[in-house]
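For the single chain, residues carry numbers from 1 onward in sequence order. Because the structure is predicted, anything quoted here is derived from the model rather than measured.
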Amino acid sequence: MSPDLPATPENHPESVRLLASTLRTLDEAHRRYRLHAAKVIGMGHTELSALVAIGEAPGMTPGTLSHELLLSTGATTAVVDRLEKSGHVVRTRHPDDRRSLFLHLTAAGEATTAALTEAYQYVLSTTGTDETIAEALPQLDSIAAALDAASREPTS
């Protein structure tokens, strides 16, 4: 990010300030929930993040996982080692390149992520009606896209 950020549009500075505050609160609540979920299933939060990432993109490489989790390759190897030892993940060799590995969930990993998804969806279902939740989705998608785009801006 550049130190010369654009000013908040003058037509809605209060709403943007409130949105930023709400998003910080949401981010912290989500972080605490993930830490709690990791503790409940008996793994660290980094392992939980890796498990979810592999479940969302079966067959990803350790390098992709490293990039996704913002970890060094060594730290990623240690996380995958722990997940493999606990029976949640398996490494498979690329059929054409023996140096390349793919990561997949085992049946235990799939069961764990399914239970996590069910618990997460239950908690989210308590936040409103189907209609009110559906109405919020386009704005949340827009916020996520704006934050993601800003995170990909070149750094100096």
Item checked: Main-chain N/O of Phe102 paired to Thr61 side chain as donor or acceptor, under 3.5 Å -> no
Next item on the list: Starting from the C-alpha separation in whole Å, work towards a yes-or-no answer on side-chain contact (heavy atoms from CB on, under 4.5 Å) for His88 and Glu47.
Entry: CA-CA 10 Å; His88 289 94; Glu47 287 76 16; over 6 Å; no
Notebook entry, point to check: Are there more than 12 heavy atoms of other residues, nucleotides or ligands under 6.0 Å from atom CG of Asp130?
Noted result: no
Check: Do Leu83 and Leu103 come within less than 4.5 Å of each other through their side chains, counting heavy atoms only?
Finding: no
Check: Any chance CD of Glu131 has more than 12 other-residue heavy atoms, nucleotides or ligands included, within less than 6.0 Å?
Finding: no
Item checked: Side-chain touch Arg24/Asp27, heavy atoms, less than 4.5 angstrom -> no
Item checked: pair Leu116-Leu48: side-chain heavy atoms closer than 4.5 Å -> yes
Note to self: Between Thr117 and Gln121, is the side-chain contact (heavy atoms from CB on, under 4.5 Å) condition met? List the steps.
What the structure shows: CA-CA 6 Å; Thr117 298; Gln121 289 178 352; 3.6 Å; yes
Checklist line | Any donor-acceptor N/O pair, Thr25 side chain to Ser21 backbone, under 3.5 Å | finding: yes
Next item on the list: Please answer whether the main-chain N or O of Tyr122 pairs with a side-chain N or O of Ser125 as donor and acceptor at a distance below 3.5 Å.
Entry: yes
Check: Which atom pair, heavy atoms only, marks the closest approach of Gly55 to Pro58?
Finding: O-CD, 3.7 Å
Next item on the list: Rounded to the nearest 0.5 Å, what's the gap from CD1 on Ile143 to CG on Asp148? Could you check?
Entry: 13.5 Å
Check: Relative to the ring of Tyr33, is the ring of Tyr120 parallel (under 30°), tilted (30 to 60°) or perpendicular (over 60°)?
Finding: tilted
Item checked: Straight-line distance of Ile41 CD1 to Ser86 OG, nearest 0.5 Å -> 9.0 Å
Notebook entry, point to check: What's the verdict on side-chain contact (heavy atoms from CB on, under 4.5 Å) for His104 and Val89, showing C-alpha distance, side-chain angles and the deciding distance?
Noted result: CA-CA 6 Å; His104 296 275; Val89 170; over 6 Å; no
